[in-house]
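Here is the structure we will look at, set down as structure tokens.
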Amino acid sequence: MNAKVLVTDFDGTMTANDFYRLAAARLLPADALAPWGEYRAGRITHFEALRRIFGRIRAPEEDVLALVEDMGPDPLLAAEVRRLRDHGWDVVVASAGCAWYIETVLLRAGLAVGTDLHVHANPGTYAPQQGLCMRPPEGSPFFSLETGVDKAAVVRFHRRRGAVVAFAGDGFADREAALETDPGLRFARADLAAALDEEGQAYRPFARWADVTRALLGPGPGE
């Protein structure tokens with residue numbers, strides 16, 4: 001392990017779009033996001049909300065993979081991950097989403113999970129008649145009943161072993177993990193930025209994932 005680690009959310013952070021929002025807009029009925037409202041109201045967990053939404057998908061696998069393609073990963077994703085590694089940073093994805101589509105996106109971007117970067121996410125499988133069946137990672141040291149993966153625990157793990165840890169995220173569920181990092185290494189946008197603003201917490205804004213790596217390393221070659 002390196003002495004510097006970037007722990008990063010995936011949907012809406014390394015990508016332009018969240019998988020669950022694309023699925024709701026293109027593959028699901030009008031009430032598809034009702035579980036998300038229940039989560040925001042505190043009636044069900046974040047994990048359960050996504051599990052219910054994903055489980056309603058009924059489409060040929062090729063249609064779901066086309067949706068995955070439209071998540072819009074940062075075009076510089078692979079190059080910036082490798083540039084981080086060249087400068088002594090490990091990249092760790094910590095996501096409350098499903099490893100089924102996350103690993104697909106990373107593979108298509110030219111990144112090898114376990115070599116170029118590491119992923120902690122909820123396992124799952126897709127079948128047209130059953131939907132995207134997401135399961136909690138009960139054997140993971142970072143297991144959480146609320147989100148499946150405890151992102152803050154991932155950050156704390158690396159900080160306890162003495163690493164310098166940066167965190168990047170965009171959602172409400174990223175708040176605790178963000179607050180585990182120093183403000184100068186805390187990157188936020190969208191809902192996470194709004195939550196931190198409301199609390200008066202400092203952070204560094206970003207528009208796309210490559211902005212985070214450039215903040216950590218400086219401009220890339222030729223920039």
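For clarity, every value in this text was computed on a predicted model and none was experimentally measured.
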Notebook entry, point to check: Given E180 and R186, is the salt bridge (Lys or Arg N to Asp or Glu O under 4.0 Å) satisfied, shown in steps?
Noted result: CA-CA 9 Å; E180 290 284 347; R186 181 187 301 154; over 6 Å; no

Next item on the list: Go through the steps for T45 and T147 under the test side-chain contact (heavy atoms from CB on, under 4.5 Å), then give the verdict.
Entry: CA-CA 7 Å; T45 66; T147 55; over 6 Å; no

Next item on the list: Go through the steps for W89 and T213 under the test side-chain contact (heavy atoms from CB on, under 4.5 Å), then give the verdict.
Entry: CA-CA 10 Å; W89 287 82; T213 63; over 6 Å; no

Next item on the list: Kindly determine whether R189 and D211 satisfy salt bridge (Lys or Arg N to Asp or Glu O under 4.0 Å), including the steps that lead there.
Entry: CA-CA 11 Å; R189 68 174 178 179; D211 294 341; over 6 Å; no

Next item on the list: Show your reasoning for whether side-chain contact (heavy atoms from CB on, under 4.5 Å) applies to V164 and R159.
Entry: CA-CA 7 Å; V164 173; R159 293 197 73 173; over 6 Å; no

Note to self: Is there a side-chain contact (heavy atoms from CB on, under 4.5 Å) between L216 and L185? Walk through the geometry before answering.
What the structure shows: CA-CA 8 Å; L216 295 173; L185 295 172; 3.8 Å; yes

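Between L22 atom CG and L27 atom CG the span is 9.0 Å, to the nearest 0.5 Å. To the nearest 0.5 angstrom, R52 atom CZ is 13.5 Å from L33 atom CG. Rounding to the nearest 0.5 Å gives a distance of 10.0 Å between CZ of F206 and CG of D74. Here F142 contributes atom CZ and H120 contributes atom NE2; the two are 4.5 Å apart, rounded to the nearest 0.5 Å. Separation of atoms CG (D116) and CG (D90) is listed at 11.0 Å; rounding is to 0.5 Å. Within the model, atoms CE of M134 and CZ of F47 stand 4.5 Å from one another, a figure rounded to the nearest 0.5 Å.
When every heavy atom of Y126 is checked against every heavy atom of R58, the shortest pair comes out as OH-C, 4.0 Å. Closest approach of L132 to C98, counting heavy atoms only: CD1-SG, 4.0 Å. Listed here is the closest heavy atom pair of A78 and A109: CB-O, 3.3 Å. Between R85 and T115 the shortest heavy-atom distance is CZ-O, 3.3 Å. Closest non-hydrogen pair, V149 versus S144, comes out as C-CB, 4.1 Å. Residues A94 and V7 come closest through the heavy atom pair CB-CG1, 3.9 Å.
K4 places none of its side-chain heavy atoms less than 4.5 Å from the side chain of L84. Residues L117 and V93 meet the side-chain proximity criterion, which asks for heavy atoms closer than 4.5 Å. For the pair V92/H158, a side-chain contact is recorded, criterion being any heavy-atom separation below 4.5 Å from C-beta on. Between R82 and L77, every side-chain heavy-atom pair lies at or beyond the 4.5 Å cut-off. Residues Y39 and L50 fail the side-chain proximity criterion, which asks for heavy atoms closer than 4.5 Å. Two residues are said to be in side-chain contact when any heavy atoms from C-beta on lie closer than 4.5 Å; D31 and R56 meet this criterion. Using a 4.5 Å cut-off on side-chain heavy atoms (C-beta onward), L65 and E69 make no contact. V64 is listed as a side-chain neighbour of W100, based on a closest heavy-atom distance under 4.5 Å.
Between F54 and F19, the gap from one ring centroid to the other is short of 6.0 Å.
Checking side-chain atoms of R204 against main-chain N and O of G184 turns up a donor-acceptor pair under 3.5 Å. In this structure a side-chain-to-backbone donor-acceptor pair under 3.5 Å is present from E146 to H46. Between the side chain of R43 and the backbone N or O of R40 there is no donor-acceptor pair closer than 3.5 Å. Side-chain N or O atoms of R135 include none that pairs as donor or acceptor with a backbone N or O of P123 at under 3.5 Å.
Listed by first and then second residue, the side chain to side chain donor-acceptor pair (under 3.5 Å) pairs involving residues 8-30 are T8-W209, D9-T13, D9-K151, D11-Y101, T13-D170, R26-D70 (not counting sequence neighbours).
Cluster note: L145 groups with F143 through ILVMFWY side-chain heavy atoms spaced under 4.5 Å, whether in direct contact or through intervening members.
Counted within 6.0 Å of CD on E198, heavy atoms from surrounding residues, nucleotides or ligands total 12 or fewer; the atom is thus considered open.
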